[in-house]
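Side chains are part of it too, since the values below use all heavy atoms of this structure and drop only hydrogens, waters and symmetry mates. Everything numeric in this text was worked out from a predicted model, so none of it was measured.
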Amino acid sequence: MTENHEPTPVPAEQAAVEDRVVEDVLASFDGTPDPRLKQVMRSLTRHLHAFIRDVRLTEREWNTAIEFLTAVGDITDDERQEFVLLSDVLGASMQTIAVNNRSYAGATEATVFGPFFVEDSPEIPLGGDLAGSAPGQPCWVEGTVIDTEGAPVPGARIEVWECDEDGFYDVQHSDGRVAGRAHLHSDADGRYRFWGLTPVPYPIPHDGPVGRMLDAAGRSPVRAAHLHFMVTAAGRRTLVTHIFVEGDPQLAIGDCVFGVKDSLVKRFEQQDPGTPTPDGRELGDRTWARCRFDVVLAPAGS
């Protein structure tokens, strides 16, 4: 795919030719009416040309890159977003999140959105079960939603989605099932609770161009076990985050989309069969787990 190039000095005459190309492209955006678009396109031009010149990109490599991006587009559809996956594994998603979600007075940290969110998830009541038909160990999750001054946030919409014990999200099945996802609202005191599944590590879809890229780079496609949240409330900054499982061996190996933050690693306490559940649910001889995740929302515009 690639050709080895030792760094060699670029003759001044050649550098001048390359500089002129950059200047011509930058000048083509001088008349852009939208100031922000002009800023973005000119910066993109500078960085893209700097990359090409830095690695001395060959025409063969350029063609390979075009073929790769074409393949990413070809495999993308309503249920699979390979471009989001590419952004995730390159760390671009996490960097964008870091830029747009500055730390604020103890607010819960954000992390990657991921490619498996679906609009219009079913609503469940407090204490309801979002697992549906998805197999896995039952897990009780509870917590509160508060603002950065400690006041409860009632009526916050809490979207939750996760994979099953086999590492698949519902949208990865072809039968149209809805399982392992739902939304609920915090009560008057900001509290919430639900049944889900204990998260497990799973590989991102790696049967496409992004997977082939990871394989060529010797990188694992596996994500650390996690549970997705998106929390929205009036006057508050929307929070997109995960919680990760303390003790998950994959945490030591690494998360392939760089989404782990120490503050988001939570204890999922294993419960023996027969241990009373918080809501009296009968689980027979099954084990289960419980986790507490308190959400702190920053003010909008922070």
message: So, taking the atom named OG1 in Thr241 and the one named CZ in Phe229, what distance separates them when rounded to the nearest 0.5 Å?
response: 9.0 Å
query: Are Val265 and Val296 connected in the hydrophobic side-chain network, where two residues link if heavy atoms are under 4.5 Å apart?
result: no
- prompt: Do other residues, nucleotides or ligands put more than 12 heavy atoms under 6.0 Å from the CZ atom of Arg267?
  reply: no
query: Mind checking whether Met230 and Thr238 have side chains closer than 4.5 Å, heavy atoms only?
result: yes
query: Taking only residues two or more places apart in sequence or in another chain, which ones pass salt bridge (Lys or Arg N to Asp or Glu O under 4.0 Å) with Arg191?
result: Asp187, Asp189
query: When you measure from the side chain of Asp164 to the backbone N and O of Ala134, does any donor-acceptor pair fall under 3.5 Å?
result: no
query: Are Arg56 and Glu18 close enough for a salt bridge, meaning some N to O gap below 4.0 Å?
result: yes
- request: Quick one: list whatever passes salt bridge (Lys or Arg N to Asp or Glu O under 4.0 Å) with Arg80, sequence neighbours left out.
  value: Glu82, Asp207
message: I'd like to know whether Thr58 forms a side chain to side chain donor-acceptor pair (under 3.5 Å) with Glu61, so could you lay out the CA-CA distance, the side-chain angles of the two residues, the decisive distance to 0.1 Å, and finally the verdict.
response: CA-CA 5 Å; Thr58 68; Glu61 291 166 340; 3.3 Å; yes
query: Is there side-chain contact between Leu297 and Thr108, with heavy atoms separated by less than 4.5 Å?
result: no
task: Report yes or no: does Thr70 contribute a side-chain atom to a donor-acceptor pair with the main-chain N or O of Ile66 at less than 3.5 Å?
output: yes
task: Return each pair, listed once, that meets ring pair (Phe, Tyr, Trp, His ring centres under 6.0 Å) where at least one residue sits in residues 252-286; pairs must be two or more places apart or across chains.
output: none
- prompt: So do Pro125 and Leu184 actually touch side chain to side chain, heavy atoms under 4.5 Å?
  reply: no
task: May I ask you to say whether Asp175 pairs ionically with Arg177, meaning some side-chain N is under 4.0 Å from a carboxylate O?
output: yes
- prompt: Mind checking what makes salt bridge (Lys or Arg N to Asp or Glu O under 4.0 Å) contact with Asp34, not counting sequence neighbours?
  reply: none
- request: Determine which pairs satisfy ring pair (Phe, Tyr, Trp, His ring centres under 6.0 Å) with at least one residue from residues 15-53, sequence neighbours left out, and list them in order.
  value: none
- prompt: So, Thr32 side chain and Leu37 main chain: donor-acceptor pair closer than 3.5 Å or not?
  reply: no
message: Is any side-chain heavy atom of Pro152 closer than 4.5 Å to one of Thr144?
response: no
- request: Side-chain contact test, heavy atoms from C-beta onward, threshold under 4.5 Å: evaluate it for Ile146 versus Asp294 and give yes or no.
  value: no
message: What I want to check is whether the side chains of Glu159 and Ser121 have a donor and an acceptor closer together than 3.5 Å.
response: yes
- prompt: Do the non-hydrogen side-chain atoms of Leu283 and Trp195 ever get within less than 4.5 Å of each other?
  reply: yes
message: Quick check for you: to the nearest 0.5 Å, what is the distance between Ser87 atom OG and Gln95 atom CD?
response: 10.5 Å
query: Can you name the one residue among His228, Glu162, Arg181 that meets side-chain hydrogen bond (donor to acceptor under 3.5 Å, both in side chains) with Tyr169?
result: His228
4.5 Å side-chain heavy-atom contact, Val200 and Cys163: yes
task: Tell me whether Ile243 is reachable from Phe194 by hopping between hydrophobic residues (I, L, V, M, F, W, Y) whose side-chain heavy atoms are closer than 4.5 Å.
output: yes
- request: Without swapping roles, check the side chain of Lys38 against the backbone of Asp30 for a donor-acceptor pair under 3.5 Å.
  value: yes
query: Within 45° of the axis and under 6.0 Å from the centre of the six-membered ring of Trp140, does NZ or CZ of Arg193 qualify?
result: no
query: Aromatic rings His242 and His226: how do their planes relate, parallel, tilted or perpendicular, breaks at 30° and 60°?
result: parallel
Ion pair check, Arg53 and Asp19, cut-off under 4.0 Å: yes
- request: Kindly state each residue pair satisfying side chain to side chain donor-acceptor pair (under 3.5 Å) with at least one member in residues 282-291, sequence neighbours excluded.
  value: Gln137-Thr287, Glu142-Arg290
message: Is there a side-chain contact between Met94 and Val260 in this structure, where contact means two heavy atoms from C-beta onward sitting under 4.5 Å apart?
response: no
query: Between the side chain of Asn63 and the main-chain N/O of Glu59, is any donor-acceptor distance below 3.5 Å?
result: yes
